[in-house]
Amino acid sequence: MTTKTDKILIFDTTLRDGEQCPGATLNIDEKLVIAKQLARLGVDIIEAGFAFASPGDFEAVSKIAEIVGTENGPVICSLARAIKADIEAAAQALKPAAKGRIHTFISTSDIHLEYQLRKSRAEVLAIAQDMVAYAKSFMADVEFSPMDAARSDPEFLYQVLEATIAAGATTINIPDTVGYITPSEFGAIIKGIKENVPNIDQAIISVHGHNDLGLAVANFLEAVKNGARQLECTINGIGERAGNASLEELVMALHVRRQYFNPYLGRPEESQESLTNIDTREIYRTSRLVSNLTGMLVQPNKAIVGTNAFAHESGIHQDGVLKNKLTYEIMDAQLIGLTDNQIVLGKHSGRNAFRTRLKELGFELSDSELNKAFVRFKEVADKKKEISDRDLEAIVNDEIQQAPDLFRVELVQVSCGSNARPTATVTLRTPEGQELTDAAIGTGPVDAVYKAINRVVNVPNELIEFSVQSVTAGIDAIGEVTIRLRYESRVFSGHAANTDIIVASAQAYVNALNRLYAALQTQQKPESVSAQKV
Ligand code: KIV
Ligand code: ZN
């Protein structure tokens with residue numbers, strides 16, 4: 001079999017590697033919302049999780065396989081160590097998918113073999129080959145990753161790749177696990193693989209890389225020039241440590257500079273055909289959704305999706321852009337789905353207009369979600385005259401956020417000012433349905449609110465991050481609050497949007513506490529979960 005593709009395949013691992021960053025833990029419903037959006041974005045493969053890691057991961061992979069893994073949808077993939085039990089769990093979880101893929105891996109670098117696996121090269125070679133064959137007995141589509149490939153001895157790497165392709169791997173993925181490699185070195189590794197693995201034309205070459213030196217995207221682009229045809233990446237570049245290669249940066253680099261890349265794919269330089277299957281207009285919305293649900297903020301100067309990415313501050317630049325956008329802009333903001341923030345709705349807009357606009361924005365809500373979101377819309381429209389697309393997105397993202405509904409904020413009241421001691425009163429509804437009220441004094445209004453909430457919830461925790469961002473310009477803008485708190489060694493995030501930032505702060509905090517509370521209830525020990533992460 002010859003495996004050829006005239007496009008660069010986008011393998012999204014936001015829900016597996018991306019979810020491995022501290023505090024980014026998502027529940028099953030949130031994973032499903034993201035998976036649906038990834039399908040809308042047009043990714044070719046969704047790595048939905050690591051089925052063996054926990055019952056929650058298994059259920060998430062299985063649900064995504066069932067609901068998103070349709071005939072015309074993306075391939076749904078589960079990670080599995082090169083261990084029979086892992087592979088069996090992956091195969092079982094992927095059963096409902098029309099197109100499933102098992103992604104199995106084992107380390108090949110001497111440093112991992114000696115200190116982590118304590119195995120010889122011969123043993124690793126045999127395990128890799130056997131476990132790919134075992135995965136193949138369940139599924140035609142099997143991906144194999146020699147972990148830490150970028151630091152592995154090339155000759156041993158070629159041997160392992162040849163054996164695993166012979167055993168049935170249809171994609172071989174080359175990870176720069178520790179984010180160590182530089183672009184020309186990575187390009188040379190891919191070139192070496194193409195030249196030295198005799199059966200390489202029977203598999204797609206994929207790359208996976210971490211951003212420890214800020215080089216992941218550059219490394220991937222060099223890999224493409226040398227024959228890589230699948231890129232493993234995450235939305236906003238989230239992931240282990242400094243994160244993974246960022247999907248939006250890769251896709252837009254390949255789009256904006258397609259004339260440069262075309263010849264490497266055997267196309268005429270002037271071809272306008274897209275190099276990936278991604279609908280770039282869905283990029284911004286996907287970025288916002290992932291940021292809101294994971295609590296991982298996007299830095300303002302982040303390429304493509306940062307709030308400053310299309311803002312021109314310098315007078316000379318502004319002058320040029322006004323005369324002709326091409327003077328200082330290499331891409332149009334609309335290409336990534338950033339609208340001009342038009343005012344679309346107001347307090348007299350009815351349910352139908354609301355539903356229609358949401359549909360145009362790509363949100364498909366169930367009737368009950370729509371009802372909830374409409375109530376919120378009316379509340380906001382009462383306070384804020386003009387509701388823009390960005391406001392609508394904030395409202396809907398907030399409403400579909402699936403943090404467990406255990407404690408609920410019923411009332412927040414603060415008194416503060418230059419000559420006052422900031423005091424807050426809060427009323428929370430407990431998971432048992434009781435209304436509890438408490439009050440506290442703090443160094444500021446948010447501190448007072450958080451102290452009062454802590455008196456009710458009574459789970460010791462440390463607030464490690466608090467951020468407020470406004471959704472649009474204007475004094476009546478919706479404020480989005482994102483917080484992260486630590487409990488023992490685990491981090492939990494919370495997010496909320498409201499025109500009143502004190503109320504948003506309270507809701508974001510309760511949101512994070514609910515995640516913490518739910519984790520304590522299921523008694524998922526932090527160690528047992530992180531031990532399964534790779
Ligand atoms: O970084 C890595 O090596 C991985 C593998 C499991 C592909 O995430
Ligand atoms: Zn990784």
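Both ligands and their constituent atoms are indexed starting at 1 by order of listing.
- An angle of 100° is found at the Zn ion (ligand 2) between His210 atom NE2 and His208 atom NE2, rounded to 10°.
- Residues Thr234 and Asn244 have side chains that never bring a donor and an acceptor to within less than 3.5 angstrom of each other.
- Under a 4.0 Å criterion applied to the non-hydrogen atoms of His210, ligand 1 contributes the atoms 1 (O).
- Judged purely by distance below 3.5 Å, without hydrogens or angles, the side chains of Gln469 and Glu480 never pair a donor atom with an acceptor atom.
- No hydrogens or angles considered: nothing links the side chains of Asn72 and Thr70 as a donor-acceptor pair under 3.5 Å.
- Residues meeting the side-chain hydrogen bond (donor to acceptor under 3.5 Å, both in side chains) test with Tyr260, sequence neighbours left out: Lys225.
- Using a 4.0 Å cut-off between a side-chain N of Lys or Arg and a carboxylate O of Asp or Glu, Lys302 and Glu249 qualify as a salt bridge.
- Looking at Gln299 and Asn301, their side chains do bring a donor and an acceptor atom within 3.5 Å of each other.
- The shortest N or O to N or O distance between His103 and ligand 1 is not under 3.5 Å.
- In terms of N/O distances under 3.5 Å, ligand 1 is not approached by Asn173.
- Close approach of ligand 1 to Asp17 (heavy-atom distance below 4.0 Å) involves ligand atoms 8 (O).
- Interface of Met147 with ligand 1, defined as ligand atoms under 4.0 Å from a residue heavy atom, comprises 3 (O).
- With respect to the Zn ion (ligand 2), Asp17 has OD2 as its nearest N, O or S atom.
- Residue Pro175 has at least one heavy-atom neighbour below 4.0 Å for each of these atoms of ligand 1: 3 (O).
- Using a cut-off of 2.8 Å, one finds that Glu232 contributes no N/O/S atom close to the Zn ion (ligand 2).
- Inspection of the Glu248 and Ser246 side chains reveals an N or O donor paired with an N or O acceptor under 3.5 Å.
- Of the heavy atoms in Asp148, none comes closer than 4.0 Å to ligand 1.
- At a heavy-atom distance under 4.0 Å, no atom of Glu232 approaches ligand 1.
- Under 4.0 angstrom from ligand 1, the non-hydrogen atoms of Arg16 all belong to its side chain.
- If you check the side chains of Gln334 and Arg281, you find no donor sitting under 3.5 Å from an acceptor.
- Where the criterion is an N or O separation shorter than 3.5 Å, residue side chain and backbone included, Thr177 meets it with respect to ligand 1.
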Identify every side-chain donor-acceptor pair in residues 88-97 under 3.5 Å, counting partners at least two apart or on other chains, and give the distances.
unit_1 : atom_1 : unit_2 : atom_2 : d
Glu88  : OE2    : Tyr134 : OH     : 2.4

